[in-house]
Every structure is written in structure tokens, then in C-alpha cells.
There are 2 protein chains.
Amino acid sequence: MPAVSDCIDMLDSETKAVETPEDHAEELRLWLRLLTCTTLIEGEVRGRLRQRFDVTLPRFDLMAQLDKAPDGMTLSDVSKRMMVSNGNVTGLVERLVESGHLDRRTSETDRRVQVIRLTKLGRAEFRRMAAEHETWIADLFADLSPKDVRELMRLLAKTKGSAQKSAARRRP
Amino acid sequence: MPAVSDCIDMLDSETKAVETPEDHAEELRLWLRLLTCTTLIEGEVRGRLRQRFDVTLPRFDLMAQLDKAPDGMTLSDVSKRMMVSNGNVTGLVERLVESGHLDRRTSETDRRVQVIRLTKLGRAEFRRMAAEHETWIADLFADLSPKDVRELMRLLAKTKGSAQKSAARRRP
DNA sequence: CCGAATTGTTTTAAGCCTAAAATGTTTTCC
DNA sequence: GGAAAACATTTTAGGCTTAAAACAATTCGG
């Protein structure tokens, strides 16, 4: 049987007339668990990349973006895709050009734009790492059934949508 | 109708006699989506903390750990809980002691150990931030029904367990 | 009891990351 | 055409983060 205060809360939330301090402990716990999972997996992948290939995770991520774009990408594109700041990409690219994994040139048609591509070396090294990386991920998620995976995909898609809407509300 | 190669794969995966290159594209997509969700929410929370309270996310996270431990924690405890390196905590604590949010003292019984606590100021400021933080999280997850939340919690618990097992397999 | 592991923390070196300001380029629109 | 807005990138200053090595204190096993 619901307590009186619960009924009042329900009325409030329906009428939206009064703001009562609502309980969001469940969402908070969900967020912490989501963060834990990501941190756990990310740390594991970071460590394996370092041990097996002596490469950092951000470098790998950047190369992964470029592998999907044979014609190259602009720094802005990369920055949006990776959801990191512009300045971050500048430095990352600098180091990867230095090590011979990336090729960088100024666009012919718009001199503001820098187009970057994987070099032959970069692509070869990335493919080699990516193949192994995929097995790590499979292993990390090994306990999930195909149905679990589908269901998680669905719920995370909903989560992503929800978060994007919330972000847009703040920064329209 | 399944292709012949699929049947062969299924036999292989049952008998475990032959290693065939299996397809783990779904798990990979799941991992990328998980990472996207976390990055999205984390970035949003980071920005709001900075705008509203001029505090960084790591500082907030550290204070959150200490708020749950009135008797204080050792640096190692904090490091494990936050899943970050020891050296990271050292610097973070340094800055928070400097700003008057934390109190740090050497343990009486074990002179290796540093025990840190929130100061009165630290606790007050944290509580103020935490209250608002909770509403942000609620808003970010607003599109999820209570059932969605429960289901996500369950699947992420399973994911966490799976990842921990996988990590333990590599580093026993 | 004492040397050897173990544990807790700090230091070091390098890289990652952000927000904000600065720089150079293109587009817009009067 | 030219000023103003928008865009792409870099720079700056500061903080975060890691792995590995160094240091300090305790515990363990003989």
C-alpha cells in the first residue's frame, strides 16, 4: 500500500503545480554502473594495446576513425566523431604524423581545412591491431548472450537519445 | 536457410575443436555505443560542474567518495574505488587540500598510510553540488522508464561481471 | 631477530584533455 | 566590394592521467 506522501508526489508530478524534491537514486546508481563498466573495459583495452603494440588508446581510436574514411577526414570531423576538443586532435595528429602513421595536407579548395589520412604503414598497423582488439572486446563481453547484446544495444540507443535531448535542452 | 559455412561455424563453436575467425562485430558495436553514452554524459556533467560550481569532474568524484566515508579513506582506497592510478590521486588530493576541501593526516598506527577526509567546507560544498548533480543525471536519463532503468542495471551488472572475469583471466 | 617480500605513497616523464583566446580563411549579406 | 559573421585550426595555460621507478614502512618466514 502506497504511503500518503507517495500519493502526494504522484499528484504533484501529474499536475506539475508543485516542485517536490524527487528521488533519483536509481538513475544515479545506473550512471555510476555505466561509468564503472566503461572505465573497466577502457582500462583493460588501454593496457592490452600498450603491452601488445606499444600504442595508446587515443592513437588507436583516431586511427580507427580514419580507417573507415579512405578519402581522409578533416580535423573537425575527427574531433566531432571522437567527441574530443579540437586542440586535442591537433596534438594527437602531430604525433601520429611524426611517427609516420598519418598523412596530413591542406585542402586544395579551402585553405582552412587540414585533411588527414592513414599512410600505408598506418593502415597496415591499424588492421593488425584491430583484428586482435576485436577478440579482446568479444572476450570482455563473453558472458552476454546474443539476446543480452541486442537488448543492451536497444537500451543504450535510448540512453544516448535521452542524453542528447537533455544536452540540447541546455545548449539549444 | 543457413549457409553451409554457418553450419560449419556452429559445429566448430560447439566442439571447440577448430578455431575459426568468428564474427564479433555486434560486441564491437555494443562497446562503441557504451563508450559513446558514457562520453556524452560525462562531458555534459563536466561542463555543468564547471559552469555552475567552477569545479572539475575528478575533484567532484573524489569528494563523492569521501562523502560516503565519514571516517576518511586511505589514498589506496580512493585509488581503487575511483579506478585510477595512485599517482593520480596524490595530485588530486594535493590540490583539494590546498583549496581547503580536504584534510589529510598520517595514520597513527601505520606511518605509510595517509587518511583523507572532507573538511566542513568540503562537505558543505559537496552536498550543495551533489543535490544539483542528481537532477542533471535524472534529466539525462529522463527518457528511460523505470523498467528500462532496472533492465539496464541488470545487463550492466552482467557486463561488469563479464569484463572483470576477462580481466582476471589475463592478469590472474 | 633479520632479511625479503609486501604494501602505501610519491615522483618522474610523457602524453592526454579541456576551455578559451588567438589566427587565418571563407562566407554572408548589405 | 567590404565589413561582419562563421568556420577550421592552433595556441595557451592549466589540470588530469598513466606506467614505471623510487622511497618508506610494515609484515612475514626462517
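Only a predicted model underlies this, so the values are computations on that prediction, with no experimental measurement involved. Letters A, B, ... are given to chains in the order of the sequence lines, protein chains preceding strands, and every chain is numbered from 1. Side-chain atoms are counted along with the backbone in the values below, which use heavy atoms only and exclude waters and symmetry mates.
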Sugar-phosphate only, base, or nothing, as touched by Asp110(A) at under 4.0 Å among non-hydrogen atoms: sugar-phosphate
Nearest-neighbour nucleotide for the Thr90(A) side chain, dT10(D), dT17(D), dG15(C) considered: dT10(D)
Atom-pair distance (CG on Leu49(B); C1' on dC17(C)), nearest Å: 16 Å
Touch class at under 4.0 angstrom, heavy-atom based, for Leu57(A) against every strand present: nothing
Electrostatic pair Arg105(A):Asp103(A) at N-O distance under 4.0 angstrom: yes
Carboxylate-amine/guanidinium proximity below 4.0 Å for Arg117(B) and Asp71(B): no
Asp148(A)/Ser145(A) under side chain to side chain donor-acceptor pair (under 3.5 Å): CA gap, chis, key distance, verdict: CA-CA 5 Å; Asp148(A) 287 337; Ser145(A) 70; 3.3 Å; yes
Touch class at under 4.0 angstrom, heavy-atom based, for Thr74(B) against every strand present: sugar-phosphate
Interatomic distance where CG belongs to Leu92(B) and P belongs to dT11(C) [whole Å]: 15 Å
Given dT18(C), dT17(D), dT9(D), the nucleotide with the shortest approach to the side chain of Ser76(A): dT9(D)
Phosphate OP1/OP2 of dC17(C) contacted by Arg95(A) side-chain N/O (<4.0 Å): no
Spacing between Ile116(A) atom CD1 and dT9(D) atom P, to the nearest angstrom: 9 Å
Protein-nucleotide distance (Asp54(A), atom CG; dA13(C), atom C1'), rounded to Å: 15 Å
Length of the CZ-P vector between Phe60(A) and dT18(D), whole Å: 19 Å
Pair Glu151(A) + Lys147(A): basic N to acidic O under 4.0 Å: no
Short side-chain N/O contact from Thr56(B) to OP1 or OP2 of dT18(C), under 4.0 Å: no
Glu132(B) with Arg48(B): basic N within carboxylate O range, under 4.0 Å: no
Out of dG8(C), dT10(D), dT10(C), whichever nucleotide has its closest atom nearest the side chain of Asn86(B): dT10(C)
Phosphate contact (dT9(D) OP1 or OP2) by Arg104(A) side-chain N/O below 4.0 Å: no
Separation of dT10(C) P from Asn88(B) CG (nearest whole Å): 12 Å
Salt bridge Glu42(B)-Arg46(B), side-chain N to carboxylate O under 4.0 Å: yes
Atom pair distance, as rounded to whole Å: CZ in Arg50(A) and C1' in dC16(C): 15 Å
Spacing of Met82(A) atom CE relative to dT9(D) atom P, expressed in whole Å: 15 Å
Nucleotide nearest Arg46(B) (side chain, heavy atoms from C-beta), chosen from dT18(C), dT17(D), dT10(D): dT18(C)
Among dT17(D), dT9(D), dT18(C), the nucleotide that comes nearest once only the side chain of Leu75(A) is considered: dT9(D)
5'-most by nearest nucleotide on DNA chain C - Glu94(B) or Arg111(A): Glu94(B)
dT7(C) base / Arg112(B) side chain donor-acceptor hit below 3.5 Å: yes
